[in-house]
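Everything on this sheet refers to the single structure shown next.
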Amino acid sequence: MNLATPRTGGMLALAAVIAILPLLLPNSFYYDIVILIGINAIVCIGLNLLIGYTGQISLGHAGFFGIGAYFSGILGANYGWPAFASMLAGAAFVAAVSFIIARPIMKLKGHYLAMGTLGMGIIISIVLTQEGDLTGGPDGMPVPPFSVFGFSLYGEKTWYWVVGVSLLITVWLALNLVDSPVGRALRSVHGSEVAAETLGVNVPHYKVQVFVTSAVIASFAGSLFAHYAGFITPDEAGFVHSIELVTMVVLGGMASTFGAVVGAAILTVLPQLLTVFHDYEMLVFGTILIGTMIFMRRGLVPTIAALFGERKE
Amino acid sequence: MSLLRLENLSRSFGGIDAVDNLSFAVEPGPIHSIIGPNGAGKTTLFNLITGLYKPSSGKIFFNESDITGKHPWQLAGLGLARTFQNLQIFFNMSAVENVMVGMHLKSDTRFHASLLRFKSIVTGDRLNRERAAELLNFVDLGDYVGSETSSMPYGALKRLEIARALAADPSVLLLDEPAAGLNPAETESVDSLIQKVAANSVTVILVEHDMRLVMGVSDHIFVLEGGRLLAEGKAYDIRHNPDVVAAYLGESGRVR
Amino acid sequence: MLLGIKELDCHYGRIQALHGIDMAVDEGELVALVGANGAGKTTLLRTISGIEPASGGSITLDGHDITHYSSDKRVRLGIIQVPEGRQMFAPMTVEDNLMIGGYTRSGDERSETLEQVFAMFPVLKERRHNAAGTLSGGQQQMLAISRALMARPRLLLLDEPSMGLSPLLVDEVFATIQKLRDAGTTIFLVEQNAYMALAIADRGYVMEAGAIVLADSGERLIVNDRVKEAYLGL
Amino acid sequence: MFAEFLQFLFSGITVGAIYALVGLGFTIIYNASHIINFAQGEFVMLGAMSAVFFVSVGMPMPVAMLLAIIITIFIGLALVKLAIEPARNASIVTLIIITIGASIFLRGAAQVLWGRNFHSLAPISGNDPIMIGGAAVLPQSLWILGSAMLIVMALRYFFDRTLIGKAIVASAHNPLAARLAGINARFVLLLSFGLSAMLGAVAGFLIAPISLAYPSVGIMLGLKGFCAAVLGGLGNPMGAVLGGLIVGISEAMTAGYISSAYKDAVAFIIILGVLFFRPSGLFGIRGTERV
Amino acid sequence: MKQGFIRHFTTVAAVMALGLGASVSGAKAAETIKIGSFLAVTGGASFLGDPEKKTLEMYVEKINAEGGVLGRKLELIIYDSQGSPKKAVPFAKRLISDDKVDVLLAGSTSGATMAVIPIVEAAGIPYISFGGAGVIVNPVKKWVFKTPHTDTLAVRKIFNDMKKNGLTKVGLLSGSGGFDKSCRKQTLALAGPSGMTMVADETHGKGDTDMTPQITKIKNTPGIQAFMYCGFGAATSIVAKNFKQLGVSVPHYQTHGSASMSFIKNAEGGAEGVRLPAAALIVVDALPDSHPQKKVASAYRDMYTSKSGDSVSTFGGHAYDGLMIVVEAIKRAGSTNKEAVRAEIEKTRNYIGADGIYNMSPKDHLGLDEESFVMVEVRNGTWKMLK
């Protein structure tokens, strides 16, 4: 294995950070933030496959996150399913739903695609809010802890490793995918749909594939979140959360897997730092979003990587 | 047996016929050109042949099998490849990756294999990368193998598109204005590249405005005007065909 | 000299579309620019109109440098282009199209010019309340020219006015152009139909690969084989 | 029961008129620039909040409304100067994200200035309902309907009869030809944002007595206005008005006859249906973007 | 790419370290007794969180001025959850593990309370909630207590009043928040046993601003004798307003969730005639001097109105009772040992508060009964006690 390539190097760096970070975290509150960073990062890596690599926007991905979370919640709390089973059931359901919806929705372009995905996400969150008998309604529902072979996962320290390893696996899978014939096909769709088609890339097929993939990843992350947090609300599936996810991807850097991680980290930590001035939280968020789009259209990591690249030459 | 045959092909946009009941056959042979004044329907014709547009009526045959209405990606598998008048480079990928996309149909595109990075992906990509580098050398872009496309000059990108199209191992290569925007020296080297491609038993169909290039390189020329076939033949005949001259320059006798 | 162009360069994305163009149009002249497709004729017109920014060289009007003026400022100065493909405001009425043409002029000037235009093209007056998109190709070309006249051009730039028209209509368009010239309008005509354009032009320029390769009087160019070469690569 | 139906119809038309105004705002900006302004809902919020603010500092209602309009227009213009123009030539995705950023920013600014709490605004002429066919109609609903009709008529006059209005329409139909006629594209952009901001502000202080005013009041109103605009065929002003009414009435009927639970989903279900089966909208004249 | 990534992670780490430093400097003086709270200070439920926050602040100040508890000062840490359960969860975690509070007095809404219960139970920290719904303490959870009257008590009180007036056919409208749903459930469950018939059962969504369709339907229900609304917040005023606008003539009942002046004010006249059960606190002047709560309630009322300048609401009373119960329990426990404090809270007997007289037990983590309510009606823009 060549350590010098960005993929292995980046993976090792991320693994090292995950391994060392516990030494720096004073108490479970900080673990909590890092765990949330990890969960957000997982969703963003998936979403980045869709937005950053394939060039298709989604303003509704929190909906899939929410479905995953609620499958774990509902099947676990109301029907006593084992956590793994409800997680897989959620993912399977999301796969089916996103597959059905992907064909018509991925035919849309530009504003129409934005509108379509937005509507899809909002409908999901409304269903979660309104089916109160199943979901607990707008105030949410508790979720039983994650248990494997009779051991329940409790506590931030345990979850830290669960999420850390999940994140590493997701990064690995995403890096694999991007640097493969399938990944190049996806990127070619972003680069030029017509050229991709004439080179044999079945564009609709790949759009559906990446949409479903990112949805399933979001669903898994949603399940993780549900079991970790122990309580979920329809806000997880809401429009605002969808926008937060897109912001993370855009800020960290479109078409950069590590960018998605960095974006998730910054935008998860930021509200915590701003608690004291939390009135200004949205002001800062909005400014970051606009500023990034105007001054660093490619996002943080690619822009900085490009700076390094230039300096080296 | 003709390689490519159009039968009463028409395509209209908003009531205007861009291609109008067009029939002709391309016999196997190295270099064919399609010329005609602006708006003659050349690019529309390319888009019809490569499946980007569906014809309003008529049929297209490739190797005598009906390919009308097939998707572009299906046609790519049959051996049709093309370049574009306006660059359609994947600017989000490096030069060598652009060419590797051209090998899409011959690669292992199983999703789970890609996700888990099976051995077939690793070895397949290594071979593809080597082959892509060869192709870049073939189109004289050896220096750009590791380059990001965003930093490459225009002329190089035009060649990159050709390399990418060749990566699909086509039997027919359709070139849409390969010399557009190039200076005379660059045009000349595109000229020799086309001949080199043709010498590798790829049939080239060329749409081009640079008449010097067309006349010099073509074995057979089709002239379109208003979506219809105006004339066809060898370069010399075309150049001295009064209809063609009138189509291009107007009728000199009419006004005075 | 009304329009003066010196060493004008223009980059179109990654392509350098114009290479050091030098040319001029005098007051009252009809100058034709001919050349094959893709030679850069339309880009030159767009650069003169301020749609494409020049990347080098200069454009002057009456000796004033207007190279960096915005397109609307140039329209106010009287540089009016009739774009290729007519570019109607298709769902709007004929009259509205004309009014928009006179956007930069005062209300009085607009109504005055409107009367003149209607006098010149009675068919437009007849169909003044019809949507522009419902006119025939030839009528649309008339409307496109009339719309430009509404702005009271000092320099009229015509881009391929004959494109897509039947021979009969082409004759009509060319007759109109001659009429405008005779009425004193300065015209810079870009045409693929080289022989017809050169036949009515005082002077002509031949363009090839983004550069002017030949400049002469219309009469002399029409018999110059170099023109044919520019088109057919002889 | 007819009175019941009428009651639902009136409440649907009232809120539908607001959606129509918001949808018109989207349409005007879209026509001038092909930008979907996701901050359109925040114009509504600004209109409502600033009217509440000016009334609370003791200004008479008409003055407060006028000031609310002026402030919102000013912010609309600032949005163009600070966020849209610097990002010229950006992709659709980029512009979507910029306007979303602007909407978050404006919501945040409103929170800092006025707090997160709900505020009520007194209705223009009282709360005593007028009974029509057994259904109660609020005077405010009549104000909303009347104002919306007036605005739509004024806009029609502006776009059909005035040269500047025609210039905006022309820029929408053919931007190149409009530039060649000497129409300044940046001016058109500013004008369209100003107009849309004004529409939003009016919608805002009209709906505030019914919906209350708070910083996030614009989110749903904005999204549903967007639905109205897409439903009517993006870029078609009268389509947006019809779209708004359709969304409003369907919502009220759903709430009345089916279940209020899915009232908010109605707009989005309609819009998904339209996008999937008729992507150019119900009254769209233009087809989808060509390759 | 690699360098860019590492560099960026360093930045993020630095940013986090900064946050860490800030909080370490915030954690000082181990001597204080830390009371943690997250309240809906702003947002749609601010009419709850705002008086709760003010009450906690003014009484903590008062207690500290009088020498504190067990010789230690009280330290209050309040976060604004904006009424959102989603936001409450991280604040609860932060209070417990970062701020290391001794006791939680928090949660303006039932939703926010329910969201943090698993965390509180896992962490083992005494927690008194200001949420209204009965489910908070029913079934009993070891560490969770609450001070506000439950929906169950309110529904009983309302049904009693209806029966007294010969009303048995009731049309119900409810919201979809935690309290609203719990109230609806209790209403439907208690209707049969109480001899009531629910002839209509409509709901509206969270954040809805027009309830005309639902009320129209209820109005047109045949045989309806009374209207009842389960919900709280801005919706209460809208319902009252719409009810009046539609000209509905049957008696109108709401719950103690509407017992604040903002309900009357925002309903703009619509509240006239609305009946609801409320704590004696809001009609304190009408209480006979013999009423056991009169002294406590009027003292709190005077303190609150003079210090904050606002009119008193029952919601601030919940916070007052919560704080006092905790203070008493800590005094009795003689330490801030969590288990000891919890046990002492559970032993609260005959505590006379603003909301009523509390008698807690291992089976009852609320300790109030129906008697702690009085029925009031809105007349001339203020509360009027009903006999």
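Below, chain A is the first sequence line, B the second, and so on; all start at residue 1.
The CD1 atom of A:Ile122 sits 11.5 Å away from atom CD1 of D:Ile269, with the distance rounded to the nearest 0.5 Å. One distance of note links CD1 of D:Ile36 with OH of A:Tyr112; it measures 8.0 Å at 0.5 Å rounding. For the atom pair A:Ile243 CD1 and D:Ile104 CD1, the distance stands at 6.5 Å (nearest 0.5 Å). One finds the OG1 atom of D:Thr99 at 9.0 Å from the CD1 atom of A:Ile290 (value rounded to the nearest 0.5 Å). The line from CE of A:Met254 to OG1 of D:Thr94 is 5.5 Å long, rounded to the nearest 0.5 Å. Distance check: D:Tyr262 OH to A:Thr129 OG1 gives 8.5 Å after rounding to the nearest 0.5 Å.
Heavy-atom pairs under 4.5 Å with chain D peak, among A:Val246, A:Leu108, A:Thr287, at A:Leu108. Contacts with chain A were tallied for D:Gly101, D:Ala110, D:Ala102; D:Gly101 has the most, counting heavy-atom pairs under 4.5 Å. For the options A:Ile288, A:Ile123, A:Thr292, A:Ile57, heavy-atom pairs under 4.5 Å to chain D are most numerous at A:Ile123. Of the listed residues A:Val127, A:Val250, A:Thr247, the one with more heavy-atom pairs under 4.5 angstrom with chain D than any other is A:Val127.
Smallest separation of non-hydrogen atoms from A:Leu283 and D:Ala109: CD1-N, 3.0 Å. Of all the heavy atoms in A:Arg297 and D:Pro86, the pair that sits closest is NH2-O, 4.2 Å.
Residue A:Phe99 places its CZ atom among 12 or fewer non-hydrogen atoms of other residues, nucleotides or ligands, all under 6.0 Å distant.
Heavy atoms closer than 4.5 Å to chain A are found in the side chain of D:Phe38, but not in its backbone. Proximity to chain D (any heavy atom under 4.5 Å) is restricted, for A:Phe239, to the side chain, taken from C-beta onward. With a threshold of 4.5 angstrom between heavy atoms, A:Glu193 does not approach chain D through any atom at all. Neither the backbone nor the side chain of A:Leu113 comes within contact range of chain D, judged by heavy atoms closer than 4.5 Å. Residue contact with chain D, scored on non-hydrogen atoms closer than 4.5 Å, is absent for A:Val284. When heavy atoms are compared at a cutoff of 4.5 Å, A:Ile105 approaches chain D by way of both its backbone and its side chain.
Just one residue in the list D:Ile271, D:Leu223, D:Leu272 forms a side-chain contact (heavy atoms from CB on, under 4.5 Å) with A:Leu118, and that residue is D:Leu223.
Judged by distance alone, the side chain of A:His111 and the main-chain N or O of D:Ile96 form no donor-acceptor pair under 3.5 Å.
For the pair D:Phe268 and A:Ile124, the minimum side-chain heavy-atom distance is 4.5 Å or more.
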